[in-house]
Amino acid sequence: MNTALTTIPLSTLGIGSVCQIVSLNLQGLLRRRILDLGMVPGTPVQCIRKSPTGDPVAYMVRDTLIALRSEDASQIHVNPM
Amino acid sequence: MSAAVKPMITLEEICAEAEKIRLSNPNLGDKIVSDIYHNAEMIAGPAVSKNSTDSRSWDHKLDDILTSRLFGYPIMFALLSIIFWITIAGANVPSQMIADTLFAFQDQLLIWFELAGAPSWLTGIVVLGMFRGLAWVIAVMLPPMAIFFPLFTLLEDLGYLPRVAFNLDNMFKKCRACGKQILTMCMGFGCNAAGVVSCRIIDSPRERLIAVLTNNFVPCNGRFPTLIAIATIFMGGMVVSELQTAVASLVVTSLVVLGIFITFAVSWALSHTLLKGEASSMVLELPPYRKPQLGAIFYRSLIDRTIFVLKRAIIMAAPAGAITWLLANIYIGEISIIGHLAAWLQPFAYAIGLDGFILLAFILGLPANEIVMPILLMCYLSTGQMMEFGTLEELRDILINNNWTWLTAVCTMLFCLLHWPCTTTLLSAYKETGSKKWTFLTFLIPTIIAFTVCFLVAQSARLLNLV
């Protein structure tokens, strides 16, 4: 697989860029929440906007706008598209 | 049935089997969720057609302004001020009308009681105690509530509140708390008991406790009328009449901002002492903005909230009015019981910028914050000056006749903002936390902060000879 070479943390994605989820490095309740929102491997995600202080950041997932803190987003590995 | 598969009979056996399968496939849960979404995509893909992105682009434009670096915070502050301004400006006239009607009826009641030959203690308890307390609560609380709640529900319905959480989350993260705490605080504006219950939306137990313990620092609807009345009388009274409403709403907004600031400070302190821990995760959905449904707004805000809060206030105000009247009219020696209690509280109360009667009213108002002002007025009115009240000017005269200065006003507003929560809130905190210790802290932390802040303000003002 060539994905391992090019994956980046979701938190480093610039506004407007689109990516595809590769893996979730999360545990417990948060992992469940993220999966339940439809953020499963293969799902396209677009970075939409940052809050006034730069954190959290809102992402568009399956037509839903979801805000994540940078700590949590950095545990989600994505493939930029 | 093949011999290899043993039939399972009990639920326990089935659970054990399920657990075995789960443990042998570490990512089974992930696979199930992925499959569900994959199936849903296959079904939805050919069947669902999407409209152009028109509505989404509207959302983006609104979000660009409402969560922007430059305008995000000023807009939040402005919206809050505007809501208070509309509430204060709009509530004046109806308050006056309700007061006129109810106090005219009080005079009628007095005449009827006299005609019926009722003894004076009965007239006192029923008319001057219960009815007058009720009349005050309705006249002062109903109009602001009937304006404030629909406006607030409108913001809720538009989808603005999650944006507030989005804007402020970073500050909560710095206090190692959850950004959704601001949503529980917004509920607290309506009623702290409801705010405490709404803390269930916070996933982490530690952060939920922080939200429960600090919810009281947003003034609930029972305290707004007190804050608004005092701000209008004393702070608004300092400027020309055209600016009075604006100044009063600015003062109330600043008090709310102070309450939010103290929420941050206490959350931070708790996260570093009693409730040590790191900030956990937060997933916040920002739903699309919707066109508000006016019918639903009016129903929810007027029936569910206004009537609910008013009913509670009335249930509390009637007995409290009767008890206060009794305390004010039973004399031990030369002075009524209320006089004795107030005199005993006077030294503590003076040290924090209040007087004995104000502190006593806050203590007697423990069952419901709505009745603090009525109790206070009954205390003042029973001590000599019999006055009809109802308008703010008359209220102002009563307070000034009882030696209120601007410092008394400031300290009373601060104490009202910061002091202990009402019994309903404490009861909710007990139900939510299931612990006497945390319930006691829900009471203790605001109490200590209220006394400290008022003490500092009063002593510094006196030291600097500002009064």
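Within every chain, numbering begins at 1; the chains are lettered A, B, ... in the order of the sequence lines, protein sequences first and strands thereafter.
Checking B:Asn170, B:Asn167, B:Leu168 one by one against A:Thr53, the side chain to side chain contact (heavy atoms under 4.5 Å, CB included) holds for a single residue, B:Asn170.
Of all the listed residues (B:Ile36, B:Asp64, B:Leu70), the one sharing the greatest number of non-hydrogen pairs under 4.5 Å with chain A is B:Asp64. Note: B:Glu285 leads B:Met171, B:His38, B:Glu285 in heavy-atom pairs under 4.5 Å with chain A. Ranked by heavy-atom pairs under 4.5 Å with chain B, the first of A:Thr43, A:Leu29, A:Asp36 is A:Asp36.
Using a 4.5 Å cut-off between heavy atoms, A:Leu24 makes no contact with chain B at all. Of the two parts of A:Asp55, the backbone and the side chain both hold a non-hydrogen atom closer than 4.5 Å to a non-hydrogen atom of chain B. Of the two parts of B:Ser204, neither the backbone nor the side chain holds a non-hydrogen atom closer than 4.5 Å to a non-hydrogen atom of chain A. Neither the backbone nor the side chain of B:Phe71 comes within less than 4.5 Å of any heavy atom of chain A. For a residue to count as touching a neighbouring chain, one of its non-hydrogen atoms must lie under 4.5 Å from one of that chain's; by this rule A:Arg31 touches chain B with the side chain only. Within the 4.5 angstrom heavy-atom criterion, only backbone atoms of A:Val57 (N, CA, C, O) approach chain B. For chain A, the nearby parts of B:Ser281 are the backbone and the side chain; heavy atoms of each come within less than 4.5 Å.
Scanning all heavy atoms of the two residues, the minimum distance from A:Arg69 to B:Gly179 falls at NH2-N, 3.5 Å. Taking all atoms of both residues into account, the shortest heavy-atom contact from A:Val40 to B:Ser34 is CB-OG, 3.6 Å. Considering all non-hydrogen atoms of both residues, A:Pro56 and B:Met282 come closest at CG-CE, 4.4 Å.
Listed for the B:Arg69 side chain is no donor-acceptor partner under 3.5 Å among the backbone atoms of A:Lys50. A donor-acceptor pair is defined here as one N or O able to donate and one able to accept, closer than 3.5 Å; no such pair exists between the side chain of B:Tyr37 and the backbone of A:Met39. In terms of modelled atom types and a separation under 3.5 Å, the side chain of A:Arg49 and the main chain of B:His60 share a donor-acceptor contact.
More than 12 heavy atoms of other residues, nucleotides or ligands lie within 6.0 Å of CH2 in B:Trp438, so this atom counts as buried by the packing criterion. Open room surrounds CZ on B:Phe261; 12 or fewer heavy atoms of other groups in view lie less than 6.0 Å from it.
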What's the verdict on side-chain contact (heavy atoms from CB on, under 4.5 Å) for A:Glu71 and B:Ser280, showing C-alpha distance, side-chain angles and the deciding distance? CA-CA 9 Å; A:Glu71 288 84 351; B:Ser280 69; over 6 Å; no

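Once rounded to the nearest 0.5 Å, the distance linking CG of B:Asp59 with CD1 of A:Ile48 reads 11.0 Å. Remark: B:Arg163 CZ to A:Ser51 OG distance equals 13.0 Å, nearest 0.5 Å.
Between A:Ile66 and B:Leu284 the shortest side-chain heavy-atom distance does not fall below 4.5 Å. Taking 4.5 Å as the limit, some side-chain heavy atom of B:Val283 sits within range of a side-chain heavy atom of A:Leu68.
With respect to A:Arg62 and B:Glu41, a salt bridge is recorded, a charged nitrogen being found less than 4.0 Å from a carboxylate O.
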